[in-house]
Amino acid sequence: MLKRCVMVAALALGGTAVAQEPVDLDMVSRIRQEAFHNSQVMETFSHLTENIGARLTNSPRMAEANAWTRSKFEEWGLANVHDDAFADFGRGWEFSSASVEMLSERVQPLHALPKAWTPGTDGPVEGELVHVEIKKLADIEKYRGTLGGKVLLLGEAREYKRGTEPDSHRHDATSLEGLQQFTVPKTAAADRAKRVREYRERQELARAVNTFFAEEGALAAISISSWDNGIIRVAGGGSRKAGEPVGIPELAMIAEHFNPLVRALTAGQTVRLRVNVAARFTDEADQPGYNTIAEIPGRGRKAAEIVMLGAHMDSWHTGTGAADNAAGVAVMMEAMRILKAVGARPERTIRVALWSGEEQGLIGSQDYVARHFAAYPEPTDAAQKALPASLREPTGPLQRKRDYERFSVYFNMDNGSGRFRGIYAQENLAAMPIFEAWLKPFHDVGATTVATRNTGSTDHVSFDRVGLPGFQFIQDRLDYFTNVHHTHLDTWDHIEPEDLKQAAAIAATFAYHAAMREERMPRKPVLAPK
Ligand SMILES: [Zn+2]
């Protein structure tokens, strides 16, 4: 097949000319045609959100998502389709209904949803509401012997803050220009001791409170949603680990229903609530979690080398995990489908990973990277082992696996569902002219910017942490951080289909070019963890 390659003008960086980066415009055209005119991204996205729904790590619906995505990959002719187990995540959990009603001094339904990994009420329960404020271990004693048969209102009221910014945001020239600025970081070494101490205190307090509330025989506990405007923003409570105290049924309530309850109790009124939560742990013992993996095998001498695309498939439990992150999963799956549909024959293997356990600390991707590419040695002392990897003391030099040298690059999507406006280079300056070249055929659909800065908090960090090139795209925020992120509004309705099509075209193009370029993606130096 005839290939028309154009050379994008060489860029000068630090006075050194960088080699011209080839862009296969014939392939980009075919990818754009398939992505823009033959898209299946909304079918994939809709199935994940509207048919399967929320996908809490290790829940039955996450298992359904693993099985369904495997079947799609097989239908599309991908190779090596399998679920990749990572050890001992914890137990599965699911809920099917939740209601809270005020019975006195007036009657009103109240909007609240349960925290994941907390128990159900086992049918409706009724009790008097009491205000409880526990900030440190010593506070527990104030309440001992007083909470039996009560519903607990945890914490204080929060003053309503009217928004001053628009609900939804797309980048413009000015905000994209702002992303080009790099802030030299302050020295952070001293931070860790403080963060470790705070983490341990939080864990200890949570365990003690869970045990205390259960011993007291309190019926349920209600805390305030972290966002206003009727939005229920809630993550986990209790514990996902078998053998740890899970406490009592616990719900997050919209601020506008929580605050009046605080005012009523402060005014000395007697408030009675009826609470009914159907929730259950779906396993007795801790279970592994599962990432779903598939490949388009490479051909020829670079076939053992690896280019990866990925997004996390697990979600929180109250919405349908639409922007976080069925959008990313649908886009990366669509990128693989497009590459098959256009007959791409990559030289390196292109592998897609749909991670699990991301919401609990990048657990699926981190474990995968450790088993396949590299890891710092596991700590031997129990206190260190109990910390999340990001808080542990350095344990020694990086231990590299065989595939560390075969790895080229990983591209992630997890900043909501907004279209790609460019890419964060994670301070890998040698990657920048390559990305500039690959983005050029997408300037007309708004993807123009290569920023030196880092972005964090999701699965590319698992690669970046061990010195492997891992990147995430710059995206339009839309209403991700005003309405959607970890809320019950994270649903199909907040998605723009054209944005997903645009993102899939760019993801497919980046994977293809990374799989075809002469060299693997340049690497930045591995920094020893501090
Ligand atoms: Zn996410």
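Indexing begins at 1, ligand by ligand and atom by atom, following the structure's order.
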What donor-acceptor contacts under 3.5 angstrom involve side-chain atoms of residues 199-206, with partners at least two apart or in another chain?
from: Arg200; atom 1: NH2; to: Ala383; atom 2: O; distance (Å): 3.3

Exercise for review: Indicate whether the side chain of Asp490 and that of Tyr480 have a donor and an acceptor atom separated by less than 3.5 Å.
Suggested key: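 Side-chain D/A pair, Asp490 to Tyr480: absent.
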
Review point. Going by chain and residue number, what protein N/O/S atoms come nearer than 2.8 Å to the Zn ion (ligand 1)?
Key: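 Listed by chain and number, the nearby protein N, O or S atoms are His312 NE2, Asp324 OD1, Asp414 OD1, Asp414 OD2.
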
Check your understanding: Short question: side chain of Arg421, backbone of Ile474 - any donor-acceptor pair under 3.5 Å?
Key ->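 It does not hold such a pair.
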
Point to revise | Check: Arg406 main-chain N/O paired with Asp403 side-chain donor or acceptor under 3.5 Å | key: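 Between the backbone of Arg406 and the side chain of Asp403 there is no qualifying donor-acceptor contact (under 3.5 Å).
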
Point to revise | ring-ring contact (aromatic ring centres under 6.0 Å, His included) contacts touching residues 65-86 (sequence neighbours left out) | key: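 For residues 65-86: His47-Trp68.
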
Only distances under 3.5 Å count here; give the side-chain donor-acceptor pairs of residues 177-185 to other protein atoms, sequence neighbours excluded, each with its distance to 0.1 Å.
none

